[in-house]
Novice: 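My questions all concern the structure below.
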Amino acid sequence: MNRTERIALLAQKNITSRRHAMKTILEEERLPYRLQEKAGNYKNPLGVVNYIIEPEGNTACMLFSAHYDAVAGSCGANDNAASVCILIDLALELRRRNIPARFVFFDGEENKLAGSRHFIENIDRSLITAAINLDLCGFGDAMTIYSHGKKHGSCYTLEPFMRKEIFEKYNGQLVNYLPKSDDASLISAKIPTLAISVMPRSDVAFLKALATYNNGILGKPPEYGMMIDQMEISTTMHGGYRDDLKWLENASMDMVYNFLLEAVGTKPETVKKRWGIFNISNKNN
């Protein structure tokens with residue numbers, strides 16, 4: 001199954017169908033996974049179903065994440081099937097290279113981050129050395145990267161993803177703001193985190209202005225929503241008319257995939273040392 005086929009399978013309007021599609025994709029690609037579930041309630045009747053790919057053994061390593069749900073009535077092609085399928089490609093390649101990594105595909109991002117909040121409430125924080133979250137990665141020519149790591153000091157694990165030369169090679173833009181996604185849950189658990197999105201280069205200027213709008217007692221001002229609406233990327237999210245398969249750009253997805261792969265590196269032993277990978281059971285002995 002190639003990336004295009006996976007996205008077409010996942011980009012369905014019904015959440016139950018999307019959950020089944022995630023299961024089908026992981027099993028078709030022979031990626032072992034476990035479910036992390038939470039029963040439904042009156043606030044979230046369908047509950048939460050996260051899909052987690054873990055490295056062999058009780059291993060601390062880097063986490064890559066993306067949400068697979070979509071807003072009601074939208075097929076969620078760019079928001080967020082494209083990002084999910086980029087990470088499927090990455091998971092397959094890292095397994096081929098014998099590089100341990102953890103992947104999680106969150107449910108409920110569109111429902112107040114329900115899936116990622118459930119994830120961090122039920123994980124051993126020591127198993128995650130750092131995290132990268134993808135959202136909106138299938139449309140545009142500028143890769144925007146928002147670093148949360150500075151909130152908890154420098155993070156050696158993330159340094160290869162922050163090099164100037166790799167930014168320039170992949171049209172990377174280090175920004176001070178991206179709209180909240182599951183990265184907010186990860187950073188609340190004090191996990192050094194990068195959030196990555198792709199958008200038209202003309203939208204990047206808006207991010208500088210949006211960074212100045214802090215939540216006050218009354219929340220964000222009306223100008224914030226007006227500015228979001230002016231961004232071209234907004235047409236590819238939350239049911240916008242471009243949140244459809246025909247608007248996805250392979251060049252955008254390839255840019256993110258190749259950036260991640262090059263930043264990870266090619267030599268397993270070097271990567272394991274850089275990422276602080278070890279076996280927890282050995283550490284405690």
Novice: Let me see the working for L63 and F103 under side-chain contact (heavy atoms from CB on, under 4.5 Å), right down to the final yes or no.
Specialist: CA-CA 6 Å; L63 172 74; F103 292 82; 5.8 Å; no
Novice: Please tell me whether L248 and V71 are part of a single hydrophobic cluster in this structure, the criterion being side-chain heavy atoms less than 4.5 Å apart.
Specialist: no
Novice: At their closest point, which heavy atom of S252 faces which heavy atom of G140, and how far apart are they?
Specialist: OG-O, 2.6 Å
Novice: The test is side-chain hydrogen bond (donor to acceptor under 3.5 Å, both in side chains); show your working for E109 and S116 and say whether it passes.
Specialist: CA-CA 7 Å; E109 191 269 354; S116 54; over 6 Å; no
Novice: State plainly whether one hydrophobic cluster holds both F119 and V48, where clusters connect Ile, Leu, Val, Met, Phe, Trp and Tyr through side-chain heavy atoms under 4.5 angstrom apart.
Specialist: no
Novice: Are T144 and V198 packed together at the side-chain level, in the sense that at least one heavy-atom pair is separated by less than 4.5 angstrom?
Specialist: no
Novice: Do R102 and I53 have side chains that get closer than 4.5 Å, going by heavy atoms?
Specialist: no
Novice: Can you confirm whether F206 sits close enough to M199 that some side-chain heavy atom of one is under 4.5 Å from a side-chain heavy atom of the other?
Specialist: no
Novice: Tell me, which pairs form a salt bridge (Lys or Arg N to Asp or Glu O under 4.0 Å) where one or both residues lie in residues 5-18, sequence neighbours left out?
Specialist: R6-E29, R6-D89
Novice: Who pairs with R96 by side-chain contact (heavy atoms from CB on, under 4.5 Å), at least two apart in sequence or on another chain?
Specialist: E93
Novice: Is there a donor-acceptor contact under 3.5 Å linking the side chains of E37 and H118?
Specialist: no
Novice: Less than 4.5 Å apart, side chain to side chain, heavy atoms only: is that true for Y68 and L87?
Specialist: no
Novice: Cluster question for you: counting only ILVMFWY and a side-chain heavy-atom cut-off of under 4.5 Å, with indirect links fine, are I196 and L113 together?
Specialist: no
Novice: Between the main-chain N or O of G76 and the side-chain N or O of S74, is there a donor-acceptor pair closer than 3.5 Å?
Specialist: yes
Novice: Who are the side-chain hydrogen bond (donor to acceptor under 3.5 Å, both in side chains) partners of K169, not counting sequence neighbours?
Specialist: E262
Novice: Of all residues at least two apart in sequence or in a different chain, which pass the side-chain hydrogen bond (donor to acceptor under 3.5 Å, both in side chains) check with Y33?
Specialist: E27
Novice: Per the side-chain hydrogen bond (donor to acceptor under 3.5 Å, both in side chains) rule, which among T24, D69, D107 passes with R19?
Specialist: D107
Novice: First locate atom CD1 of I86, then atom CE of M255, and finally report the distance between them rounded to the nearest 0.5 Å.
Specialist: 9.0 Å
Novice: Closer than 3.5 angstrom, by distance alone: can the side chain of N78 be matched with the main-chain N or O of L136 as a donor-acceptor pair?
Specialist: no
Novice: Is the Y146 ring parallel, tilted or perpendicular to the Y177 ring (thresholds 30°, 60°)?
Specialist: tilted
Novice: Can you name the closest pair of heavy atoms from Q173 and R201 and give their distance?
Specialist: NE2-NH1, 2.8 Å
Novice: Let me check something: do L207 and M226 share a hydrophobic cluster, defined by ILVMFWY side-chain heavy atoms less than 4.5 Å apart, either directly or through other members?
Specialist: no
Novice: Do E54 and R34 have side-chain heavy atoms sitting under 4.5 Å apart?
Specialist: yes
Novice: Could you work out, with side-chain contact (heavy atoms from CB on, under 4.5 Å) as the rule, every residue matching K112, not counting sequence neighbours?
Specialist: R117
Novice: Any ring pair (Phe, Tyr, Trp, His ring centres under 6.0 Å) pairs touching residues 4-28, not counting sequence neighbours?
Specialist: none
Novice: Using the side-chain hydrogen bond (donor to acceptor under 3.5 Å, both in side chains) rule, take S65 and N133 through it: C-alpha gap first, then chi angles, then the decisive distance, then the call.
Specialist: CA-CA 5 Å; S65 62; N133 186 71; 2.7 Å; yes
Novice: Strictly distance-based, threshold 3.5 Å: is any side-chain N or O of D203 a donor or acceptor partner for the main-chain N or O of I233?
Specialist: yes
Novice: Any chance you could lay out the salt bridge (charged side-chain N to carboxylate O under 4.0 Å, His left out) test for K180 and D135, step after step, and finish with the verdict?
Specialist: CA-CA 10 Å; K180 185 170 67 173; D135 202 349; over 6 Å; no
Novice: Keeping S185 on the side-chain end and D183 on the backbone end, is there a donor-acceptor pair under 3.5 Å?
Specialist: no
Novice: Minimum heavy-atom separation for D243 and D79, please, with both atom names.
Specialist: OD1-N, 3.2 Å
Novice: Before you tell me yes or no, could you show the steps for I132 and L134 under side-chain contact (heavy atoms from CB on, under 4.5 Å), namely the whole-Å CA-CA distance, both residues' side-chain angles and the distance that decides it to 0.1 Å?
Specialist: CA-CA 7 Å; I132 290 181; L134 304 188; 4.0 Å; yes
Novice: Check the surroundings of atom CZ in R30: do more than 12 heavy atoms from other residues, nucleotides or ligands lie under 6.0 Å from it?
Specialist: no
Novice: How many angstroms lie between CD1 in I145 and CZ in F167, if you round to the nearest 0.5 Å?
Specialist: 4.0 Å
Novice: If we ignore hydrogens and angles and just use 3.5 Å, is the side chain of N258 paired with the main-chain N or O of D254 as donor and acceptor?
Specialist: yes
